[in-house]
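Comments concern the structure below.
Because the structure is predicted, anything quoted here is derived from the model rather than measured.
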Amino acid sequence: METVVIIGGGLAGHRAATTLAGLRPEQRTVLIHSESGTPYDRPPLSKEFLLEGKRPTLKGSELYSDRIILRDGTKATLIDPVRRLVHTDNGDPEHYDKLLIATGSRVRQLENFHVDPAQVHYLRTESDALRLRAALAPSQRLAVVGGGFIGLEVSANARRLGCQTTVFELAPRLLPRSASLSLSEWVAARHTSEGGEVRLNCANLRMSNNSKGEVILTWDGGTAIADTVLIGIGIGPNAEIAADAGIDTADGIVVNARCETSVPGIYAAGEVTNYPVPSLGRRLRSESWTVAGDQAVVAAQVMCGLDAQYHDLPWFWSDQCGVTIQSFGLPALATRLHRIGDVASERWLEIGVDEHGRFVSAVGVNPGRDMMQLRRDAKASRPISQDIMSRAEEVDPSDLYLAAG
């Protein structure tokens with residue numbers, strides 16, 4: 001009986017395991033999961049979970065009762081590609097015929113500050129979310145360091161819980177890596193209209209406690225006071241276990257379109273991978289939920305001998321302030337923008353193309369069917385729909401993305 005071992009219990013690991021269970025039910029599939037319990041969905045941790053506290057389950061979780069061997073509360077510590085063993089911190093090593101690394105990412109830490117650790121939060125795991133949820137009491141002053149999707153989602157929901165919120169961003173605008181200037185301005189205005197504060201250009205941000213135990217935040221040109229701090233300044237890939245095994249890494253684990261690494265029999269999927277995007281002529285590492293899940297399916301299919309490849313563009317969405325914000329592709333590559341709708345409204349879309357007129361990105365608020373059509377066309381390598389382009393107007397070049405970071 002062939003054994004497939006999966007390291008990582010995030011969406012990619014779970015999706016690969018359940019796909020394998022469907023394609024090869026006679027195969028032995030082992031999932032090594034560092035957290036306790038079955039895998040769960042991470043995006044709701046910054047949204048519904050903070051409001052309702054309900055554990056976000058994943059489809060197919062019932063398979064851990066009989067079809068998938070779950071080694072939860074277990075950390076993989078070493079891969080031996082010669083003997084085909086995965087060593088762990090809990091019991092005997094696991095032998096594999098094929099191995100999938102789906103170790104995901106970890107939060108980037110903010111250094112050089114002096115604040116009571118009980119007042120500082122990061123958000124990556126269920127336990128992180130439980131701890132943060134307990135801290136978001138009415139009238140609490142929440143400082144969110146980082147103006148990306150996670151920080152903004154937490155800020156929006158913390159206000160629904162009665163907190164006062166301030167977002168601190170180093171860049172001159174929110175969502176500096178994933179939005180156009182118009183979307184950044186729209187989001188800032190929306191949060192401000194709901195009572196949130198936004199501080200931009202917060203260079204040299206420092207934090208410390210005063211004699212009352214409050215958190216004092218200072219930066220070049222300003223100061224503020226908070227009771228609780230959420231740090232959301234990005235994530236980095238958990239690629240060390242692969243590098244130690246001699247697998248090629250470069251800002252993640254290097255894979256081809258079949259999710260194969262540089263070592264035969266070892267595959268990788270999800271946020272930890274650095275993968276090719278032929279339509280844009282480059283490689284990238286993505287933090288997209290859809291990339292993680294879809295790439296895992298491709299990896300599982302290839303491990304079962306099927307001919308599958310992953311070529312899609314990253315797609316992000318964020319529910320906050322009563323709207324859905326979406327970003328598709330790589331906004332930083334756009335040299336021309338075309339817009340559908342009024343950016344003062346709650347429904348509009350911006351389409352980015354490069355100097356060759358190729359589609360590279362789309363961002364917008366409640367973009368609906370147009371975004372779905374763009375995603376279908378991009379996946380099929382089709383040009384932008386004439387129906388969409390006939391309704392779009394070219395945007396002034398000063399509104400280009402000018403991505404930072």
Sort out for me which residue in [options] forms a side-chain contact (heavy atoms from CB on, under 4.5 Å) with [X].
| X | options | answer |
| --- | --- | --- |
| Trp348 | Asp370, Val343, Ile340 | Val343 |
| Phe359 | Leu313, Asp354, Leu280, Asp377 | Leu313 |
| Val5 | Ile266, Ile69, Val30 | Val30 |

[X], [atom1] atom: more than 12 neighbouring heavy atoms under 6.0 Å:
| X | atom1 | result |
| --- | --- | --- |
| Gln386 | CD | no |
| Arg391 | CZ | yes |
| Met372 | CE | no |
| His356 | NE2 | yes |
| Asp220 | CG | yes |

Looking only at non-hydrogen atoms, find the nearest pair between [X] and [Y] and report the distance.
| X | Y | value |
| --- | --- | --- |
| His191 | Ser155 | ND1-OG, 4.1 Å |
| Pro81 | Tyr96 | CA-OH, 3.5 Å |
| Asp41 | Thr57 | CB-O, 4.2 Å |
| Gly37 | Leu70 | O-CD2, 3.8 Å |
| Ala268 | Val255 | CB-CG1, 3.7 Å |
| Val291 | Ser286 | CG2-OG, 3.8 Å |

Taking it one step at a time, do Gln373 and Ser385 satisfy side chain to side chain donor-acceptor pair (under 3.5 Å)? CA-CA 8 Å; Gln373 183 64 51; Ser385 161; 5.3 Å; no

Indicate whether any N or O donor in one side chain lies under 3.5 Å from an N or O acceptor in the other, for [X] and [Y].
| X | Y | value |
| --- | --- | --- |
| Glu287 | Ser105 | no |
| Asn238 | Arg106 | yes |
| Asn209 | Asp116 | no |

Are any side-chain N or O atoms of Gln301 and backbone N or O atoms of Asp307, one a donor and one an acceptor, separated by less than 3.5 Å?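 No: the side chain of Gln301 does not pair with the backbone of Asp307.
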
For Val215, is there any backbone N or O sitting under 3.5 Å from a side-chain donor or acceptor partner on Arg141?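 A pair under 3.5 Å: no.
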
Looking at side-chain heavy atoms only, is the closest gap between Leu152 and Leu175 below 4.5 Å?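 SC-SC contact between Leu152 and Leu175 confirmed.
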
Does [X] pair with [Y] as a salt bridge, N-O distance under 4.0 Å?
| X | Y | value |
| --- | --- | --- |
| Lys54 | Glu48 | no |
| Arg124 | Glu271 | yes |
| Arg42 | Glu35 | yes |

Aromatic ring centroids of Tyr64 and His14 under 6.0 Å?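 Yes, they do, as the ring centres are separated by less than 6.0 Å.
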
Euclidean distance, Glu52 CD relative to Lys47 NZ, rounded to 0.5 Å: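 Reported value, rounded in 0.5 Å steps: 12.5 Å.
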
Could you measure the distance from the CZ atom of Phe168 to the CG atom of Asn201? Nearest 0.5 Å is fine.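 Atom-to-atom, Phe168:CZ and Asn201:CG are 13.5 Å apart.
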
Scan the side chains in residues 321-333 for donor-acceptor partners under 3.5 Å anywhere in the protein, sequence neighbours excluded, and list what turns up.
unit_1 : atom_1 : unit_2 : atom_2 : d
Thr324 : OG1    : Asp319 : OD1    : 2.7
Gln326 : OE1    : Trp315 : NE1    : 2.8
Ser327 : OG     : Ser178 : O      : 3.2

How would you list, by chain and number, every residue that makes a side chain to side chain donor-acceptor pair (under 3.5 Å) with Ser34, sequence neighbours excluded?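 Once residues adjacent in sequence are excluded, Ser34 has no partner under the side chain to side chain donor-acceptor pair (under 3.5 Å) criterion.
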
